[in-house]
Amino acid sequence: MAKYVCEVCGWEYDPEVGVPEKGIAPGTPWEEVPEDFECPLCGVGKDQFAEA
């Protein structure tokens, strides 16, 4: 599974880790992350992420 990085602040979404504090379980591929997901560091939307 590919990692995705926030183009604004550089925070990286790793599907093997997920974002449990935001309700995204480990093993969740980027395609299954909700469309209203916001970067935990800077708050931008999912559309501001690019495949790492």
Side-chain angles (χ1 to χ4, degrees):
M1 285 188 279
K3 295 180 181 180
Y4 283 77
V5 64
C6 176
E7 296 178 314
V8 175
C9 72
W11 182 84
E12 186 174 81
Y13 176 74
D14 182 346
E16 292 188 16
V17 177
V19 190
E21 63 272 16
K22 294 229 177 216
I24 302 171
T28 303
W30 183 247
E31 296 75 23
E32 293 180 17
V33 172
E35 289 303 315
D36 63 353
F37 174 79
E38 294 179 344
C39 177
L41 285 186
C42 70
V44 298
K46 189 175 174 183
D47 62 331
Q48 295 293 306
F49 281 74
E51 190 170 344

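All values derive from a computational prediction rather than experimental measurement.
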Are Glu7 and Val5 close enough, and set up right, to give a side chain to side chain contact (heavy atoms under 4.5 Å, CB included), and what steps lead you there?
CA-CA 6 Å; Glu7 296 178 314; Val5 64; 5.5 Å; no

I want to check something: taking the side chain as every heavy atom from C-beta on, are Trp11 and Val19 in contact at a cut-off of under 4.5 Å?
yes

CD of Glu16: more than 12 outside heavy atoms within 6.0 angstrom?
no

For the residue pair Ile24 and Pro34, what are the closest heavy atoms and their distance?
CD1-CD, 4.2 Å

Give the C-alpha distance, both sets of side-chain angles, the deciding distance and a yes or no for side chain to side chain contact (heavy atoms under 4.5 Å, CB included) between Cys6 and Val44.
CA-CA 8 Å; Cys6 176; Val44 298; 3.6 Å; yes

Contact check, side chains of Cys39 and Gln48, non-hydrogen atoms, under 4.5 Å
no

Could you state the interatomic distance from CE (Met1) to OG1 (Thr28), rounded to the nearest 0.5 Å?
8.0 Å

Result for ring pair (Phe, Tyr, Trp, His ring centres under 6.0 Å) between Phe49 and one of Trp30, Tyr4, Tyr13 points to Trp30

Of all heavy-atom pairs between Glu31 and Lys46, which one has the smallest distance, and what is that distance?
O-NZ, 4.1 Å

